[in-house]
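Reviewing the structure listed below.
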Amino acid sequence: MVVVASVVAVAWTSRDRYREQMVLSGSPAPEFTATDMKGEEVSLSDYRGRVVLLNIWATWCLPCREEMPSC
């Protein structure tokens with residue numbers, strides 16, 4: 001019971017921090033930089049004004065593994 005109460009307390013006190021990080025539908029995506037498949041860094045701002053599809057893979061996800069270029 002104490003553990004559950006602790007988890008709830010931590011979640012409740014940090015809710016505003018996560019609310020600030022939320023991206024709502026229709027709002028601009030936050031700026032970020034990632035490494036592309038060629039090993040080069042690209043920023044979201046490099047594609048400003050263009051449609052961007054971000055496909056994130058996880059090695060533990062079987063459908064993702066099938067879609068990855070190399071496993």
Side-chain angles (χ1 to χ4, degrees):
M1 191 70 154
V2 172
V3 173
V4 172
S6 298
V7 170
V8 169
V10 168
W12 184 262
T13 57
S14 59
R15 72 186 182 283
D16 292 332
R17 183 177 70 196
Y18 293 112
R19 190 174 293 142
E20 292 171 3
Q21 295 175 357
M22 286 178 51
V23 178
L24 302 175
S25 177
S27 66
E31 176 59 24
F32 68 91
T33 302
T35 304
D36 68 9
M37 293 179 64
K38 297 176 187 174
E40 300 174 9
E41 280 196 358
V42 292
S43 295
L44 184 59
S45 60
D46 296 340
Y47 299 94
R48 187 170 308 282
R50 297 165 64 186
V51 175
V52 175
L53 173 65
L54 181 62
N55 189 358
I56 299 174
W57 296 316
T59 55
W60 49 262
C61 167
L62 292 178
C64 299
R65 288 181 60 103
E66 291 177 12
E67 189 176 336
M68 284 183 205
S70 63
C71 295

Give, for atom CG of N55 and atom SG of C64, the distance between the pair rounded to the nearest 0.5 Å. 7.5 Å
With sequence neighbours excluded, tell me which residues meet side-chain contact (heavy atoms from CB on, under 4.5 Å) with V51. none
Side-chain donor-acceptor pairs of residues 38-50 under 3.5 Å, sequence neighbours excluded:
unit_1: S43; atom_1: OG; unit_2: T33; atom_2: OG1; d: 3.2
unit_1: S45; atom_1: OG; unit_2: E31; atom_2: OE2; d: 3.4
unit_1: D46; atom_1: OD2; unit_2: S43; atom_2: N; d: 3.0

